[in-house]
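In what follows, a structure is listed as structure tokens, so that the remarks can point back to it.
FYI, side chains are in, hydrogens and waters are out, and symmetry mates aren't considered; it's all heavy atoms of this structure.
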Amino acid sequence: QVQLAESGGGLVQAGGSLRLSCLASGRPISSYAVGWFRRAPGNEREFVASISARWSGPNTNYGDSVKGRFTISRDNAKNTVYLQMNSLKPEDTAVYSCAAGSPFSGATMNEDNYHTWGQGTQVTVSS
């Protein structure tokens, strides 16, 4: 069974960049669709980005609020999926979590298709 651990969060000024990492253990991360989601205080969980399993892509999807600013990628050798976040805005402040899902679901945006979640990492963007 795969386990996920996020890292790379922190405090950054508006306009800055951060790169989040989602390190998998137990199974190859390339065997899964992987999604990034975020939740700000008082808000519902929001889809950020996803990448399909290796054999079916790679295909990617992005939430409308991050298109053109965020990029999801995978390094199979490091068993890690990254989320590069550029041009950060205060409204990007949230806890970011990665999740692994069925390899048959493509780069799905639906959180119900993800079965394994990391613990999350806090991203805070100051104005």
Side-chain angles (χ1 to χ4, degrees):
Q1 185 174 352
V2 69
Q3 296 179 327
L4 305 175
E6 303 93 337
S7 62
L11 174 64
V12 64
Q13 288 188 330
S17 298
L18 282 175
R19 188 178 75 161
L20 305 184
S21 299
C22 175
L23 174 64
S25 59
R27 296 289 301 274
I29 201 168
S30 59
S31 299
Y32 301 90
V34 175
W36 282 97
F37 294 81
R38 67 187 182 186
R39 178 173 282 168
N43 289 0
E44 298 288 325
R45 183 180 286 164
E46 177 188 9
F47 169 76
V48 177
S50 59
I51 186 167
S52 60
R54 182 178 186 179
W55 65 269
S56 65
N59 295 313
T60 58
N61 265 321
Y62 296 92
D64 289 341
S65 62
V66 306
K67 281 180 182 176
R69 301 188 297 124
F70 291 11
T71 303
I72 190 171
S73 62
R74 184 176 59 227
D75 186 329
N76 296 328
K78 295 183 178 179
N79 218 24
T80 300
V81 168
Y82 299 101
L83 183 69
Q84 178 66 43
M85 306 186 296
N86 298 328
S87 302
L88 283 161
K89 305 174 181 180
E91 51 264 44
D92 293 318
T93 295
V95 174
Y96 285 71
S97 300
C98 63
S102 167
F104 305 105
S105 59
T108 180
M109 300 182 286
N110 187 347
E111 65 178 82
D112 292 338
N113 288 322
Y114 293 93
H115 51 69
T116 300
W117 294 78
Q119 81 287 353
T121 185
Q122 176 70 46
V123 171
T124 303
V125 185
S126 63
S127 57

Taking all heavy atoms of [X] and all of [Y], pick out the closest pair and write down the distance.
X	Y	value
Ser17	Gln84	CB-NE2, 3.9 Å
Ala33	Ser105	CB-OG, 4.0 Å
Ala40	Ala94	N-CB, 3.8 Å
Gly120	Ser97	CA-OG, 3.6 Å
Leu18	Gly8	CD2-O, 3.8 Å
Pro90	Ala14	CD-CB, 4.1 Å

Side-chain donor/acceptor of [X] to backbone N/O of [Y], under 3.5 Å:
X	Y	answer
Gln13	Ser126	no
Ser21	Leu23	no
Glu6	Cys98	yes
Asp75	Thr80	no
Asn79	Ile29	yes
Ser52	Asn59	yes

Non-hydrogen side-chain atoms of Ser50 and Asn61 separated by less than 4.5 Å: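 Yes, side chains in contact.
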Is there a chain of hydrophobic side chains (I, L, V, M, F, W, Y, each step under 4.5 Å between heavy atoms) that links [X] to [Y]?
X	Y	result
Val34	Tyr82	no
Val12	Leu83	yes
Ile51	Phe70	yes
Leu88	Val66	yes

For Thr93, enumerate each residue passing the side chain to side chain contact (heavy atoms under 4.5 Å, CB included) test, keeping only those at least two apart in sequence or located in another chain.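 Result, side chain to side chain contact (heavy atoms under 4.5 Å, CB included) vs Thr93: Gln122, Thr124, Val125.
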Steps toward side chain to side chain donor-acceptor pair (under 3.5 Å) verdict (Ser65, Glu91): CA-CA 10 Å; Ser65 62; Glu91 51 264 44; over 6 Å; no
Does Lys89 come within less than 4.0 Å of Asp92, counting only side-chain N to carboxylate O?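 No, this pair does not count.
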Step by step, would you call Arg74 with Ser30 a side-chain contact (heavy atoms from CB on, under 4.5 Å)? CA-CA 8 Å; Arg74 184 176 59 227; Ser30 59; 4.0 Å; yes
List for me each residue that meets salt bridge (Lys or Arg N to Asp or Glu O under 4.0 Å) alongside Arg54, sequence neighbours excluded, and say none if there are none.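 Arg54: no salt bridge (Lys or Arg N to Asp or Glu O under 4.0 Å) contacts found.
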Arg39 NZ/CZ over Trp117 ring centroid, <6.0 Å and within 45° of normal: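 No, Arg39 and Trp117 do not form such a contact.
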Verify the neighbour count for atom CD of Gln119: are there more than 12 heavy atoms of other residues, nucleotides or ligands below 6.0 Å?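 Counting neighbours around CD of Gln119, more than 12 heavy atoms of other residues, nucleotides or ligands fall under 6.0 Å, so yes.
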For the pair Phe37 and Tyr114, name the ring-plane relationship: parallel under 30°, tilted 30 to 60°, perpendicular over 60°.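 The rings of Phe37 and Tyr114 stand perpendicular, inter-plane angle above 60°.
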Can you check whether Trp36 and Tyr62 have ring centres sitting under 6.0 Å from each other?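 No, they do not, as the ring centres are separated by 6.0 Å or more.
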Do Arg27 and Thr116 meet the criterion of a side-chain donor-acceptor pair at a distance under 3.5 Å?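 Side-chain D/A pair, Arg27 to Thr116: absent.
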Which pairs pass disulfide bond (SG atoms under 2.5 Å apart) with one or both residues in residues 41-78, sequence neighbours excluded?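 Output for this query is empty, none listed.
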